[in-house]
Amino acid sequence: LNDILFFRTEFQGGSAYNDSYNLNFYHTFNEDNKSVIGLKKSDVSFKGNTWVLNRNSNTKNKVILNRTLDSITIEEIVMNNDNREQIRLRGQLADSTYKDLELQFKIVSLNKIAPSIDSLNLQGEINGTLNLLQKDNIYLPVCNLDIAKFGINGIDLGNLTIGIVGNKDLTEFSVNSQIRENGLEKFGVFGKFTNVEEVPKADLVASFSDFSLEPFSPLGKDVISNIRGSLNGNAQIIGDIRNPEIRGLLTLNNAGLGVPYLNVDYNFAQNATVRLYDQTFDFQNIGLTDVAMNTEAILHGTIRHNFFK
């Protein structure tokens, strides 16, 4: 006998239940008497975008399981949309001792899959892979992603590369990421995260070279507006990732900001300096010029935070 059971499920998801999932499956047994759960042409919609699974209705989109459910093979699960963007999952799992999984992205729009972040709208095209290999108690997680035309709030920042490699017991993750524009590095972060204690810790160095502040202006909301200028310098980020110590020296050029409540807008003097230590931002005698009235002032003082509050 070669019986095939077809079934379909439909449901809504997301925080506002505005994501929809319409999935068509079948179940049968292969020549090795293993269960095969296949995915026929289906569609899912999330973040306002529709993706089609197994667009060509082929037999490759399936998961194969043995009778004891301790061996699973994902031959492939492929998801496309009308813009040729593609997400592909494949791999194998054997009880708790072996995993070999690969998630592949091909020209996927970042804003279609990235979680929503208040006041930050991310753009770019993702290419690359996420891999997880486990043999017994030895792991090798690797992330290699290239995000072309990376931008924030409609402003192009360059090409972003993200490289992350975990150690064999998942207690340490090395990070090496950059944003490059026209071949020049504008932003870089390298170092590691450790995951030994209850709260992960960071040991990172971030560098800025003529890095534009304009994309972050919406973060000021109604308190600070028209954030502008370029950022240079280095900062070390150490400790509890929820409330790290940040040490470094940053300089601002062609910078300024507005304060809507006071109906004023200020230009900063060139090479304005901000020193970072512990959870403190120390503004060091920064010259300010009122854009409308051309009056001048000096900004000197500190802003301290605890858990960024």
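All values below come from the heavy atoms of this structure, side chains included, with hydrogens, waters and symmetry mates left out.
- Residue pairs meeting the salt bridge (charged side-chain N to carboxylate O under 4.0 Å, His left out) criterion with at least one partner in residues 267-287, sequence neighbours excluded, do not occur; the list is empty.
- Residue pairs meeting the side-chain hydrogen bond (donor to acceptor under 3.5 Å, both in side chains) criterion with at least one partner in residues 155-164, sequence neighbours excluded, are T161-Q178.
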Identify each donor-acceptor pair in which a side-chain atom of residues 238-255 lies under 3.5 Å from a protein atom, sequence neighbours left out, and give them as a table.
from: D240; atom 1: OD1; to: R242; atom 2: N; distance (Å): 2.8
from: D240; atom 1: OD1; to: R242; atom 2: NE; distance (Å): 3.2
from: D240; atom 1: OD2; to: R242; atom 2: NE; distance (Å): 3.4
from: D240; atom 1: OD2; to: R242; atom 2: NH2; distance (Å): 2.9
from: N243; atom 1: OD1; to: F307; atom 2: N; distance (Å): 2.7
from: N243; atom 1: ND2; to: N306; atom 2: OD1; distance (Å): 3.1
from: E245; atom 1: OE1; to: R247; atom 2: NE; distance (Å): 3.4
from: E245; atom 1: OE1; to: R247; atom 2: NH2; distance (Å): 2.7
from: N253; atom 1: OD1; to: N271; atom 2: N; distance (Å): 2.9

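- Legend: residues meeting ring-ring contact (aromatic ring centres under 6.0 Å, His included) with F150, ordered by chain and number and at least two apart, are absent.
- Listed by first then second residue, pairs satisfying salt bridge (charged side-chain N to carboxylate O under 4.0 Å, His left out) with a partner in residues 164-178 read E172-K192, not counting sequence neighbours.
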Tell me which donor-acceptor pairs under 3.5 Å the side chains of residues 296-305 have, and how far apart each pair is, sequence neighbours excluded?
from: H300; atom 1: ND1; to: F283; atom 2: O; distance (Å): 3.4
from: H300; atom 1: ND1; to: N285; atom 2: N; distance (Å): 3.4
from: H300; atom 1: ND1; to: N285; atom 2: OD1; distance (Å): 3.4
from: T302; atom 1: OG1; to: R304; atom 2: NH1; distance (Å): 3.3
from: H305; atom 1: ND1; to: F308; atom 2: N; distance (Å): 3.0

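- Atoms CD and OG1, from E197 and T171 in turn, are 11.5 Å apart once rounded to the nearest 0.5 Å.
- To the nearest 0.5 Å, atoms CG (L65) and OG (S71) are separated by 8.0 Å.
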Which donor-acceptor pairs under 3.5 Å do side chains of residues 121-129 form with protein atoms, sequence neighbours excluded?
from: Q123; atom 1: OE1; to: G154; atom 2: N; distance (Å): 3.1
from: Q123; atom 1: NE2; to: N121; atom 2: O; distance (Å): 2.8
from: N127; atom 1: OD1; to: I107; atom 2: N; distance (Å): 2.9
from: T129; atom 1: OG1; to: N131; atom 2: OD1; distance (Å): 3.2

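- With sequence neighbours excluded, the residues satisfying ring-ring contact (aromatic ring centres under 6.0 Å, His included) with F208 are F187, F211.
- Between K60 and E76, none of the side-chain N atoms (NZ, or NE/NH1/NH2) sits under 4.0 Å from a carboxylate O, so this pair counts as no salt bridge.
- Taking a 4.5 Å side-chain heavy-atom cut-off between Ile, Leu, Val, Met, Phe, Trp and Tyr, the cluster of L140 extends to Y98, L133, V142, V165.
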What donor-acceptor contacts under 3.5 angstrom involve side-chain atoms of residues 6-13, with partners at least two apart or in another chain?
from: R8; atom 1: NE; to: E10; atom 2: OE2; distance (Å): 2.7
from: R8; atom 1: NH1; to: N24; atom 2: OD1; distance (Å): 2.8
from: R8; atom 1: NH2; to: E10; atom 2: OE2; distance (Å): 2.8

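- Residues passing the side chain to side chain donor-acceptor pair (under 3.5 Å) test with D43, sequence neighbours excluded: N22.
- Note on residues 222-239: pairs passing salt bridge (charged side-chain N to carboxylate O under 4.0 Å, His left out), not counting sequence neighbours, are R228-D265.
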